Q: 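Take a look at the following structure, please.
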Amino acid sequence: MMMQEPTEELIKEWKDIYYKNKDNLIPNKKEGLKIVEYLKDKYSVIEIENQKLEKAVYENITSNEYSNSKLNGKNPIIKLFEITDDRLYLTQNEVFKGIRIIVGIELNSSYIFVEGSSMLYDELLAFTGLDKEDLKNYFLVAQYIKCKEKFHI
């Protein structure tokens with residue numbers, strides 16, 4: 001999860017990671033339902049309904065040209081979950097302390113939204129993988145590689 005403004009040094013690091021790894025990567029993006037299954041298998045969660053949060057996820061996808069293109073003209077289908085697993089709350093960054101951890105997964109595009117845990121976002125990103133278009137983006141590739149190394153997924 002990007003929690004700081006990109007610097008020239010960070011951009012150089014991302015590009016270095018990209019060029020070192022790009023030829024060894026193949027598209028491996030999981031379907032939205034596989035991400036839901038992974039989340040449910042690994043953590044205690046409850047599915048929630050919250051129009052405000054669903055709207056936030058919807059707008060994150062549809063207002064971003066790149067994310068919106070992943071829908072391929074389909075209407076977003078969003079599943080929301082609240083994490084009830086204490087393990088994740090014990091490892092929350094200071095900035096998130098006291099905030100409940102919410103996950104939104106859009107089933108058609110495999111878009112993930114995590115509020116309250118950068119660690120969970122990184123883990124889900126490592127699991128989700130990248131598609132053919134993502135593999136052309138140095139930031140996404142670098143983020144994915146770092147998350148995969150962190151979680152050994």
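Please read these numbers as outputs of a predicted model, since none were measured by experiment.
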Q: Could you list the cluster mates of I26? Members are the ILVMFWY residues connected by side-chain heavy atoms closer than 4.5 Å, either directly or through other members.
A: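 Joined to I26, directly or through intermediates: none.
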Q: Does a salt bridge link E123 with K150, judged by any charged N lying under 4.0 Å from a carboxylate O?
A: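 Salt bridge: no.
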Q: Is it possible for you to say whether M119 and L39 belong to one hydrophobic cluster, with membership spreading through side-chain heavy-atom contacts below 4.5 Å?
A: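 Cluster IDs for M119 and L39 match.
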Q: Restricting to non-hydrogen atoms, name the atom on E47 and the atom on K40 that form the minimum distance, rounded to 0.1 Å.
A: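 Result for this residue pair: OE1-NZ, 4.3 Å.
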Q: Can you check whether L88's main-chain N or O pairs, donor with acceptor, with T91's side chain at less than 3.5 Å?
A: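 Checked: pair present.
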Q: Is it the case that more than 12 heavy atoms not belonging to F127 sit under 6.0 Å from its CZ atom?
A: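 Correct, the count exceeds 12.
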Q: Taking atom CG of L25 and atom OH of Y18, what is their separation to the nearest 0.5 Å?
A: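 If I round to the nearest 0.5 Å, the distance is 9.5 Å.
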Q: Do other residues, nucleotides or ligands put more than 12 heavy atoms under 6.0 Å from E8 CD?
A: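 At most 12 heavy atoms, drawn from other residues, nucleotides or ligands, come within 6.0 Å of this atom.
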Q: Quick check: do V45 and D85 have side-chain heavy atoms less than 4.5 Å from each other?
A: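 With C-beta onward as the side chain, the pair stays apart.
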Q: Is V103 linked to L80 within one hydrophobic cluster, defined over Ile, Leu, Val, Met, Phe, Trp and Tyr using a side-chain heavy-atom separation of less than 4.5 Å?
A: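 Hydrophobic grouping puts V103 apart from L80.
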Q: If Ile, Leu, Val, Met, Phe, Trp and Tyr residues are connected whenever their side-chain heavy atoms lie under 4.5 Å apart, and connections chain through other members, are I145 and W14 in the same group?
A: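 Yes: a chain of side-chain contacts under 4.5 Å links I145 to W14.
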Q: Donor-acceptor pair, N93 side chain versus F96 backbone, under 3.5 Å?
A: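 Flag not set: sc N93 to bb F96 has no pair under 3.5 Å.
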Q: Salt-bridged, D131 to K70, with N to O below 4.0 Å?
A: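 So D131 pairs with K70 through a salt bridge.
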Q: Using 4.0 Å as the upper bound for N to carboxylate O, is an ion pair formed by K20 and D16?
A: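 No, this pair does not count.
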Q: Flag yes if I78 and V36 sit in one hydrophobic cluster, no otherwise; membership is Ile, Leu, Val, Met, Phe, Trp, Tyr, and two members link when side-chain heavy atoms are under 4.5 Å apart.
A: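 As far as the 4.5 Å side-chain criterion goes, V36 and I78 are not connected within one cluster.
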Q: For Y66 and D134: C-alpha separation, side-chain torsions, deciding distance, then whether side-chain hydrogen bond (donor to acceptor under 3.5 Å, both in side chains) applies.
A: CA-CA 10 Å; Y66 188 78; D134 296 338; 2.5 Å; yes
Q: Check this for me, if you would: do E13 and K146 make a salt bridge, where the nitrogen-to-carboxylate-oxygen distance has to be below 4.0 angstrom?
A: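 Yes, this pair counts.
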Q: Within the 4.5 Å heavy-atom criterion, are L71 and P76 side-chain neighbours or not?
A: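 Of all side-chain heavy-atom pairs linking P76 with L71, at least one is under 4.5 Å.
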Q: Once you round to the nearest 0.5 Å, how far does CZ of F81 lie from CD1 of I105?
A: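 One finds 5.5 Å between CZ of F81 and CD1 of I105.
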Q: Give a yes or no on whether the backbone of N75 and the side-chain of N108 come within a donor-acceptor separation of less than 3.5 Å.
A: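 Indeed, once roles are kept as given, a pair shorter than 3.5 Å links the two residues.
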Q: Give, for atom CD1 of I48 and atom CD of E82, the distance between the pair rounded to the nearest 0.5 Å.
A: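 Answer rounded to 0.5 Å: 5.5 Å.
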Q: Do Y138 and I11 touch side chain to side chain, with heavy atoms closer than 4.5 Å?
A: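 Yes, their side chains come closer than 4.5 Å.
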Q: Do Y58 and E106 have side chains that approach each other closer than 4.5 Å (heavy atoms only, starting at C-beta)?
A: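 They are not in contact (no side-chain heavy atoms under 4.5 Å apart), so the answer is no.
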Q: What distance separates K74 NZ from L107 CG, expressed to the nearest 0.5 Å?
A: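 Rounded to the nearest 0.5 Å, the NZ-CG separation comes out at 10.5 Å.
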Q: May I ask you to test the L125-Q143 pair for a side-chain heavy-atom distance under 4.5 Å?
A: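 The answer is yes, as the side chains (C-beta and beyond) meet within the 4.5 Å cut-off.
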Q: Could you verify whether a donor N or O on one side chain and an acceptor N or O on the other, from T62 and N68, lie under 3.5 Å apart?
A: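 No donor-acceptor contact under 3.5 Å links the two side chains.
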Q: Is there a side-chain contact between N28 and L130 (heavy atoms, below 4.5 Å)?
A: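 Yes, at least one pair of side-chain atoms sits under 4.5 Å.
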Q: Does atom NZ (K29) have a neighbourhood of more than 12 heavy atoms from anything else shown, all under 6.0 Å?
A: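 More than 12 within 6.0 Å, yes.
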Q: Going by the rule side-chain hydrogen bond (donor to acceptor under 3.5 Å, both in side chains), which residues pair with E49 if we only count those two or more places apart in sequence or in a different chain?
A: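 Not a single residue meets the side-chain hydrogen bond (donor to acceptor under 3.5 Å, both in side chains) criterion with E49.
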Q: Taking K97 for the side chain and Q92 for the main chain, is one N or O donor matched with an acceptor at less than 3.5 Å?
A: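 Yes; at least one donor-acceptor contact below 3.5 Å.
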Q: How long is the gap from CD on E54 to CD on E59, to the nearest 0.5 Å?
A: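 The CD atom of E54 sits 11.5 Å away from the CD atom of E59.
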Q: Would you check if I101 and L120 make a side-chain contact, meaning some heavy-atom pair closer than 4.5 Å?
A: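 Touching, per the 4.5 Å side-chain cut-off.
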Q: Nearest 0.5 Å please: distance from the CD1 atom of I35 over to the OG atom of S110.
A: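 The CD1 atom of I35 sits 4.0 Å away from the OG atom of S110.
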Q: Any side-chain heavy atom of I102 within less than 4.5 Å of one from N50?
A: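 Result no, sub-4.5 Å side-chain heavy-atom pair not found.
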Q: Show the numbers, then the answer: is there a side-chain hydrogen bond (donor to acceptor under 3.5 Å, both in side chains) between K15 and Y19?
A: CA-CA 6 Å; K15 287 182 177 180; Y19 287 113; over 6 Å; no
Q: Would you confirm whether T84, through its side chain, and S44, through its main-chain N or O, come within 3.5 Å as a donor-acceptor pair?
A: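 Present.
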Q: Shared ILVMFWY cluster between I77 and F113, side chains joined below 4.5 angstrom?
A: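 No, I77 does not connect to F113 through the hydrophobic network.
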Q: Which atoms form the tightest heavy-atom contact between I83 and Y89, and what is the distance?
A: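 So the two residues come closest at O-OH, 2.8 Å.
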